Number of protein chains: 2
Amino acid sequence: MNKTISDIAQLAGVAKSTVSRFLNGGSVSEDTRQKIERIIKQYNYVPNTFAQSLKAKKTSIIGTVVPRLDSFATSQTLIGIDEELRTNQYQMLIANTSQDMHREIDAIYDFARQKVSGIILLAAEVTEAHLKAVEEIGIPVLLVGQQHERLHSLVHNDDQAGYDMGKYVVEKGHRQIVYIGVTERDQAVGIHRRQGFQRAIAEYGGSGCDVTYYETSFKMSEAIVTAEAILRDNKPSIIVGATDNIALGVMKTAFSNKIRIPHELSVAGFGGYDITEMIHPALTTVKFHYLQAGKLAASHMIRQVTGEPVEKQTILDVELIPRESVDNV
Amino acid sequence: MNKTISDIAQLAGVAKSTVSRFLNGGSVSEDTRQKIERIIKQYNYVPNTFAQSLKAKKTSIIGTVVPRLDSFATSQTLIGIDEELRTNQYQMLIANTSQDMHREIDAIYDFARQKVSGIILLAAEVTEAHLKAVEEIGIPVLLVGQQHERLHSLVHNDDQAGYDMGKYVVEKGHRQIVYIGVTERDQAVGIHRRQGFQRAIAEYGGSGCDVTYYETSFKMSEAIVTAEAILRDNKPSIIVGATDNIALGVMKTAFSNKIRIPHELSVAGFGGYDITEMIHPALTTVKFHYLQAGKLAASHMIRQVTGEPVEKQTILDVELIPRESVDNV
DNA sequence: CTGAAAGCGCTTACAG
DNA sequence: CTGAAAGCGCTTACAG
């Protein structure tokens, strides 16, 4: 059945160390090169990965830890990572943690056991346990979506995103504003995004601007509950959700309560999910470049793995997309 | 740094074959069991996967081939597979082919090289090349979402889905019907789903029922183009899309053309994507149980791998969900 | 129940 | 440039 390096060596009339050298780009004479190449083609030989890894003690696998599989952001980022790794002969291994932090830590150690060459971490939150794990395993790690001074990271410009949105909202004439955020444990979304928003409001809003902040989870269902409560005791002209999902939850709530968007209530979000331009009214949002983030993450990871210099932190641009869900007041 | 089985053996004062036997559930005396266990705990020993696989020539990895990562159906199915595999100490490896059939075939061979124990194939289309690959690798394969007499498979009841929808549409009084399908190369969606629909129309529709069939791709953007064309030269009371994405494209087109849903045009789809109940009007659809399909696929796969008997074909129930997008006429 | 030995398919110094 | 040999960390008959 499957040929081994010994078979190939024998068939080509050389030693297996020579075949191995050929395989790994070492120098061999033109003559032997041809012999070996021919046999390899002929028998369609491919080296056994396990044997390689056992000796080399490393692999060309990059592990990616994701908090969930069913989100636009995750899918797009993964696709980007996968494409870039593939073109560089690396393989992607995915560990889905279903938002369970213990599994996140476990996944890091598991990847280390499997001798992945590097780990890309899409975490919502970076705890001491994360840092400890990263330190212990001694494998390059790249954080995506969050930043931390002790780790390499690649982030979307959340502060800018919040700022652009805040500025836009004020310029559209909104003064009764509700911002639904998320937990501060998620620094990128919970803190930076909101702070950028606040900063813009402070700069452009003037004194008559009234902003109320609420907190909800990343789930649409909870966003609906939160939105229900808000609309019961508040009369904002706009609700800004910290994610498109939250904004979608707000829209759903408005529909249920026969509140017309954007005439009676404007809504905006963050993310730039595909679906946001399919719905009616189309959602105003700040688009993050997830696909590009994934590709960049992969190429940075490869540089880390191969020991090339690589920037400690990369910040990706964002883009405000005005659509129908925000009205002029 | 990392201990090997020899270290453990030495530390415990036994031979490494004994440790190995202990690890693999062979019989050891109570006494040695305790000694070994203690050392393993103490040093947090975990066997090297590569060495294991090199000898055993197989792994506890199940490869999953998916046509795309950014779809509700795929994500949900993957989550189901992953959860079930995890609880059974198997690992999931994902190969995303971005709808490129060559990569699909390559992925099968790649998985074989990596000695995965089984392959779960989420393919839209089964060609001779697929069958050849499956045969050549000699590894258990389970097809999900499509059926084929030569392969184990797990499918959603597409015929029933189409039938339920057809019946529902007729019962709601629709007689001017447009059905937007997809290529017949995708047998499940392109043929079975449509045929079920046709069958119901034939049974319940009577003579005055006019159904026109169109074909589009799985992309929303193309669905929009198709829908534009349809609405230009046709005046149906309802458009049924073969997938929720197509239905979403139809809705978008209706919105753009100021056609009110469902008063002027009803719309329905298939899939039961989460988003379909968040939008307004909420989309009438037939729900497939992707998560359950994933779990079942994983458990069937494990049975195939371990040589237990397993049904050649499994058909999963579907569920019609009437919502706001379909009007009574 | 236990251990010594061979071997899985590679790679890596080390000689020549 | 090339080859013989050792070794990566396991498992698996085979004796005892």
Side-chain angles (χ1 to χ4, degrees), chain A residues 1-40 43-61 89 91 110 112-117 138-139, chain B residues 1-40 43-61 89 91 110 112-117 138-139:
Chain A
M1 37 174 306
N2 267 331
K3 297 273 175 238
T4 72
I5 196 170
S6 307
D7 300 330
I8 301 301
Q10 201 176 328
L11 257 11
V14 298
K16 44 181 206 162
S17 37
T18 307
V19 178
S20 174
R21 209 176 310 116
F22 164 79
L23 253 19
N24 296 290
S27 56
V28 288
S29 72
E30 178 57 23
D31 199 38
T32 40
R33 193 182 63 69
Q34 291 198 349
K35 280 193 294 192
I36 297 176
E37 245 170 8
R38 209 171 52 73
I39 301 291
I40 287 184
Y43 291 92
N44 216 324
Y45 166 73
V46 275
N48 178 308
T49 332
F50 299 121
Q52 286 181 312
S53 309
L54 180 55
K55 271 307 284 186
K57 302 210 160 184
K58 55 163 285 197
T59 61
S60 1
I61 299 176
Q89 338 291 357
Q91 216 198 344
D110 278 352
R113 283 213 305 121
Q114 294 183 64
K115 310 278 187 293
V116 300
S117 300
I139 290 173
Chain B
M1 49 163 300
N2 266 331
K3 297 276 175 236
T4 74
I5 195 171
S6 306
D7 300 330
I8 301 300
Q10 201 175 327
L11 256 11
V14 299
K16 44 182 205 162
S17 36
T18 306
V19 178
S20 174
R21 208 175 312 116
F22 165 78
L23 252 21
N24 295 291
S27 56
V28 288
S29 72
E30 179 57 24
D31 199 40
T32 39
R33 193 182 63 69
Q34 292 197 348
K35 280 192 294 190
I36 298 176
E37 246 170 6
R38 209 171 52 74
I39 301 291
I40 288 185
Y43 292 93
N44 216 323
Y45 166 73
V46 275
N48 178 309
T49 333
F50 299 120
Q52 286 180 313
S53 309
L54 180 56
K55 273 305 285 186
K57 302 212 161 184
K58 56 163 285 197
T59 61
S60 359
I61 299 176
Q89 338 289 359
Q91 215 198 344
D110 278 353
R113 284 213 305 119
Q114 293 183 63
K115 309 278 186 294
V116 300
S117 300
I139 290 174

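Here is how names work: the chains are called A, B, and so on, in the same order as the sequence lines, proteins then strands, and each is numbered from 1. Just so you know, these numbers come straight off a predicted model, no measurement behind them.
Listed candidates were C:dT2, D:dT11, C:dG9. Nearest to the side chain of A:Lys55 is C:dG9. Taking only side-chain atoms of A:Asn48, from C-beta outward, the nucleotide of D:dT11, C:dG9, C:dG3 with the closest atom is C:dG9.
Separating the NZ atom of A:Lys16 from the P atom of D:dA4 is a distance of 11 Å, rounded to the nearest angstrom. The CZ-P distance, from A:Arg113 to D:dG9, rounds to 15 Å in whole Å. Taking atom CD on A:Glu30 and atom C1' on D:dT2, their separation rounds to 16 Å, with Å as the unit. When the P atom of D:dC10 is taken as reference, atom CD1 of B:Ile40 falls 10 Å away, rounded to whole Å. One atom, CZ of A:Arg21, and another, P of C:dG9, lie 21 Å apart when rounded to the nearest Å. Distance, A:Phe22 CZ to C:dT12 C1': 18 Å, rounded to whole Å. Taking atom NZ on B:Lys3 and atom P on D:dC10, their separation rounds to 12 Å, with Å as the unit. Going from atom CZ of A:Phe50 over to atom C1' of C:dC10 covers 13 Å, rounded to whole Å.
Of the residues in residues 5-15 of chain A, those with a non-hydrogen atom less than 4.0 angstrom from any atom of DNA chain D are A:Val14, A:Ala15.
At most 12 heavy atoms of other shown residues, nucleotides or ligands fall within 6.0 angstrom of atom CZ in B:Arg38. Residue-environment remark: CD (B:Gln114) exceeds the threshold of 12 foreign heavy atoms within 6.0 Å.
Both B:Ser29 and B:Ala51 lie close to DNA chain C; mapped to their nearest nucleotides by heavy-atom distance, the more 5′-ward contact belongs to B:Ser29.
Residue contacts for B:Thr32: at a heavy-atom cut-off of 4.0 Å it reaches the sugar-phosphate backbone alone, with no base atom in range. Within 4.0 Å of B:Ser20, counting heavy atoms only, lies at least one base atom of the nucleic acid.
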Given side chain to side chain contact (heavy atoms under 4.5 Å, CB included), test B:Leu23 with B:Ile40 step by step and report yes or no. CA-CA 10 Å; B:Leu23 252 21; B:Ile40 288 185; 3.7 Å; yes
Please determine whether side chain to side chain contact (heavy atoms under 4.5 Å, CB included) holds for the pair B:Val14 and B:Val28, giving the CA-CA distance in whole Å, both sets of side-chain angles, and the decisive distance to 0.1 Å. CA-CA 11 Å; B:Val14 299; B:Val28 288; over 6 Å; no
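You'll find the side chain of B:Gln10 stays beyond 4.5 Å of the side chain of B:Ser6, heavy atoms only. Proximity of B:Asp7 to B:Tyr43: side-chain heavy atoms (C-beta onward) are nowhere separated by under 4.5 Å. Residues A:Asn48 and B:Lys115 meet the side-chain proximity criterion, which asks for heavy atoms closer than 4.5 Å. Here the side chains of A:Thr49 and B:Phe50 are not in contact, with every heavy-atom distance at 4.5 Å or above.
Between D:dC10 and B:Tyr45, a contact under 4.0 Å exists linking OP1 or OP2 to a side-chain N or O. Side-chain nitrogen and oxygen atoms of A:Asn24 include at least one within less than 4.0 Å of the OP1 or OP2 phosphate oxygen of C:dT11. Within the structure, every side-chain polar atom (N or O) of B:Thr4 is placed at least 4.0 Å from both OP1 and OP2 of D:dC8. Considering only side-chain N and O atoms, A:Gln52 lies nowhere under 4.0 angstrom from the phosphate OP1 or OP2 of C:dG9.
Taking 3.5 Å as the limit, the base of C:dA5 and the side chain of B:Ser17 contain no donor-acceptor pair of atoms between them.
The pairing partner recorded for C:dG3 is D:dC14, the criterion being a Watson-Crick or G-U wobble arrangement whose two distances lie under 3.5 angstrom.
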